[in-house]
Amino acid sequence: MVNSGDSQHLVVIGGGMVAQRLVEALRARDDAGRYRVTVFAEEPRAPYDRVGLTRWFDEGPEGIALGDPALWADPLVTLHTDRKIESIDREAKTVTDRLGHVHLYDELVLATGSNAAMPPIPGNDLPGVFVYRTIDDVAALRGWVEEKRRSYPEGKPVRGAVIGGGLLGLEAAGALTALDAQATVIEFGTHLMGVQVDLGGGQALKRLINGKGIGVRAETATSQMKPHRRTGHVGRLDFADGGRLDVDVVVVATGVRPRDELARAAGLPVGERGGAVVDLSCRTEDPHIWAVGEVACIEGRCIGLVAPGNTMAEVVVDRLLGGLAEFPGADTATKLKLSGVDVASFGDAHARTEDAVEVVWADPVAGVYKKLVLSDDARTLLGGVFVGDAGPYASLRPMLGAELPGDDPSAFLLPEGGGGAPGLELPDDANVCSCNSVSAGTIRGAVTEHNCTDVPGVKACTRAGTTCGACLPLVKKLVDTELERAGIEVSTALCEHFEMSRAQLFDAVRVADLHSFSDIVARFGQPDSRGCDICKPVVASILASLGNGHILSGEQSTLQDTNDHMLANLQKDGTYSVVPRMPGGEVTPEGLITVGQVAKDFGLYTKITGGQRIDMFGARVEQLPDIWRRLVDAGFESGHAYGKSLRTVKSCVGSTWCRYGVQDSVGMAVELELRYRGLRSPHKLKMGVSGCARECAEARGKDVGVIATDKGWNIYVGGNGGQTPRHAKLLAEDLTSEELLRTIDRFLMYYVRTADRLQRTAPWIEEVDGGLEGVREVIMEDSLGICADLDAAMARHVENYEDEWKAVLEDPEKLRRFSSFVNAPKDADPSLAYVEERGQRRPATEQERASGVVIAGPKLEVRA
Amino acid sequence: MSSDDMSEAQVAGTTLVSDAPVRWERVCLLSDLFPERGAAALFGDVQVALFRLPDASTAPGQGADGAQVYAVQNLDPFSGAHVMSRGIVGTRGGVPTVAAPVYKQVFSLITGECLVAADKTPKGDLPPNLTTYPVEIRDGVVHVGLP
Ligand SMILES: Cc1cc2nc3c(=O)[nH]c(=O)nc-3n(C[C@H](O)[C@H](O)[C@H](O)COP(=O)(O)OP(=O)(O)OC[C@H]3O[C@@H](n4cnc5c(N)ncnc54)[C@H](O)[C@@H]3O)c2cc1C
Ligand code: SF4
Ligand code: FES
């Protein structure tokens, strides 16, 4: 029962990740509505995924949204953004916000997090010196770098430095290089990531970081930052050893300071190195004030990780609801989120435990360093460091404190496939996802009790893997094992006629060089069967992708869905719609007149599609050839709107007309559309090209999005609209037109060959080994050695393209398919009925048919 | 047009439809039908979907060359459109089938029974199963028996 008279007011200061978790947990558990909660956030937005901050550059704010926004619409929850709390009055039990408003509380939670620390280096307040903590910080950083670049002559690089070689500093350096600035990391200690990895790991890490084009200066103290003579912006770093570095931008990432100013002013005890001191129940000295997250000094220290903060949030909620939960200690496992650089550590990485044994495996050439820290009997796992290959991290981390199976722990460190590490059966209470505290048991339960059958389902059900993603490989393994055990076969069989998945069948057909359904089903399918509506279109698509002649030639025609069979899109009343290709959305006035005249003569309803072309509805089977003859004569060709194939390449008007355009987006869109037209694929394919970063073509909502830059083109992949919209992610930057085509060629062919039936590019990328990074390795670094093959396949496609409709019009045998009735080939379907609406006709509804308002039957006068 | 310009070939009794009175209609030449695809035929207001399958041993309308032809209603009960003739033919557990092209329900060509409803219900109060019609092939000409 919600009874506002009785309910207590919980005030949370700070709108960060931990505050969000606290409110979520409270609303999930406080069924009785005992607490109303008000959150005061200093930042001008709802809590977001700070851990994923670097993703903001690629994905924007929605890429780092956190949790279900419905939380903030809950009637018992109020969120005030841009509303810093200035003081606490413990006597009166009130807080005062920046506007001077006073709010009463019954219980108060400090969740104010940390500030990025700013070391007292002279010049640290110069313009161009940034920290890396909030969305505002990264937005300002990007603006600065872009502004610098604009002010420089073409080709002169923007030079960046990051002070601090820890986890955060490396992420920031990665962000700088992603912004196309040079980056040098300045580290005071002996090696990078000194908190997490030992010297050996640090050295391997340095090689990997250098390999990313990032400079590293270890054992270097910065003595001052000097302004540029002319601009007054930061211009140079001076080091204690006399060295110097010219810079245009500096990111300081030397650590964080808990934001305990409110606690101090309220007279609450703070730790030696800051932070509001709390006991294991997360309560401060004041029984009504709690502290959680980075601001809490628990067990004598503040912890700069989200997982322990979330645990504290759960503890406080439990206590507020009368429970006795206690903070169980922190899991400080960490993994660097810098693409292409694998670093992870957990537990006692520095082997500080007495008599600890270290097992090290290193391959200095490849930049790989792996270490396990074990108890003196070399059995119990105490910690580990992984550089260059974090493969074992996901499965070993949950074994922290447990005995490793097998006799030889070094087996766990050998490269994958090199040694056969004993299978790890995680105990149910092993913590698999540290960000969200999800145990192996919970993940298993999601499959066995909540009927989840795949990783996305388990993610939604348990939250595992939804924050930093480091645990996903392990989650997938657990889910697969559990599904297998439950006898739920993760069947990839197409249907009862083929046991293979689409990708397997594609390879089989390609390698065996088969060209007909009969041969394929005889060789790879259920012998003596004739397939069905599931496998036939798949085989049709495979044959078409492999270049097997016209889709209506011979036996192939029996495999086509009605859309492909009639080369038009079936509509609800059994008529079809017709879409001529208008590459890049470009159409001449004459073309428009032809389309208009055809639509008028055949009484077709016309509408502009989302893909920048014109759709004409209501064409009957027997009319299709007459319609197309006129379109083809006017120079149009099939738009393949009916196929699982390339649909359109949408474009903005680009540099030819637009004031802001930096490249010819229409020209590129036309080129792409003409190149990939007719390419049959596992699902429909859409592309877009924008002429500058303003992105008017909404290219990132497409499977392949191309956005012009000063230097060329950025390519994004895996976007789509529809029921589960996705933003495309950055695959490569500043490509020349030629590189762009090659990259798209390979991306599309790799997708066409390996995706599942009806799988669009976004879920496909997720399933490729290594995700987007894996795709990049295959198509840009040729890690599988198949690029030449992919290139050749695309070249064949381009060369063999023919207009499907033109070919039909030239072949009487194919034309014969377009008759309405075998005994009355030109008769219209008598059941069709239309009414007029807004000046055009549309199918009559059931009621309209019954009431007789129908204006036209199928036989609208036709002037063909 | 429609059935009027075809001379009606009334043929007496067949064993396949014992009690229902049957009016046999000439439809087309067997060679007018594409193997493993459907075709619609029009008799007044009645639309029939014909499917020619590759040869087998026993079938309703078996031609001299072993070809077999099935006929069902052309009306797709799940969409209300007359489109069954444009579905993909195939088999489910050995039974020859056609899949509705609109919402992909699967029907037995032998009995007309809806085998896979694909989470849909028929439109209005149409029955989910298809009416079937007897077919005979005489001297290379396809005949359909209408009630
Ligand atoms: C780039 C980056 C990468 C990271 N990567 C990882 C990682 O991989 N793994 C990991 O575990 N952790 C990582 N972290 C750390 C993680 O983000 C933090 O541990 C986590 O966000 C802490 O949550 P919090 O709620 O305690 O604090 P915050 O998320 O910092 O939230 C505190 C909020 O309170 C607000 N606030 C402060 N004072 C007031 C006031 N007086 N009134 C109102 N509002 C106030 C602040 O503006 C802030 O929005 C990373 C952090 C960054 C910046
Ligand atoms: S994306 Fe850029 S070039 Fe294209 S229309 Fe918009 S502003 Fe102009
Ligand atoms: S460990 Fe970070 S999401 Fe699971």
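For the numbers below, each heavy atom of this structure counts, side chains included, while hydrogens, waters and symmetry mates do not. Sequence lines set the chain letters: A, B, ... in the order given, protein chains first and strands last, and positions in each chain run from 1.
The minimum heavy-atom distance linking G574(A) with A81(B) is given by the pair N-CB, 3.8 Å.
Listed by chain and residue number, D811(A) satisfy the salt bridge (charged side-chain N to carboxylate O under 4.0 Å, His left out) test with K814(A) (two or more places apart in sequence, or in another chain).
Options I534(A), T558(A), D573(A), T575(A) differ in how many heavy-atom pairs under 4.5 Å they form with chain B, and the most are formed by T558(A). Highest contact tally toward chain A, considering only G90(B), A99(B), A41(B), G87(B), is held by A41(B) [criterion: heavy-atom pairs under 4.5 Å]. When the candidates Q571(A), H497(A), K572(A) are compared by the number of heavy-atom contacts under 4.5 Å with chain B, H497(A) comes out ahead. Across G80(B), G124(B), P101(B), the residue that shares the most heavy-atom pairs under 4.5 angstrom with chain A is P101(B). With chain A as partner, the option from V89(B), D45(B), T97(B) having the largest number of non-hydrogen pairs under 4.5 angstrom is V89(B). Most heavy-atom pairs under 4.5 Å with chain A, from the set S85(B), A39(B), A40(B): that is A40(B).
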_Quick one, T562(A) with V83(B), criterion side chain to side chain contact (heavy atoms under 4.5 Å, CB included). Give me CA distance, side-chain angles, the key distance, then yes/no._
CA-CA 10 Å; T562(A) 187; V83(B) 292; over 6 Å; no
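With respect to the salt-bridge test (charged N to carboxylate O, under 4.0 angstrom), the residues R86(B) and D561(A) do not qualify. Salt bridge annotation for R37(B)-E555(A): absent, with no cationic side-chain nitrogen under 4.0 angstrom from a carboxylate oxygen.
R816(A) contributes a side-chain N or O that, together with a main-chain N or O of D32(B), makes up a donor-acceptor pair within less than 3.5 Å.
Of the two parts of P96(B), neither the backbone nor the side chain holds a non-hydrogen atom closer than 4.5 Å to a non-hydrogen atom of chain A. Heavy atoms closer than 4.5 Å to chain A are found in the side chain of V106(B), but not in its backbone.
Atom CD1 in I88(B) sits 7.0 Å away from atom NZ in K536(A) (nearest 0.5 Å). Taking CG of N823(A) as the reference point, atom CG of L50(B) lies at 8.5 Å (rounded to 0.5 Å). L42(B) contributes atom CG, which lies 8.0 Å from atom CG of D829(A) (distance to the nearest 0.5 angstrom). From S820(A), atom OG reaches atom CD of Q47(B) across 9.0 Å, with rounding to the nearest 0.5 Å. Between atom OG of residue S557(A) and atom CD of residue E36(B) there is a gap of 9.0 Å, rounded to the nearest 0.5 Å. To the nearest 0.5 angstrom, Q526(A) atom CD is 9.0 Å from T91(B) atom OG1.
Scanning residues 537-545 of chain A against chain B with a 4.5 Å non-hydrogen threshold yields P537(A), sorted by number.
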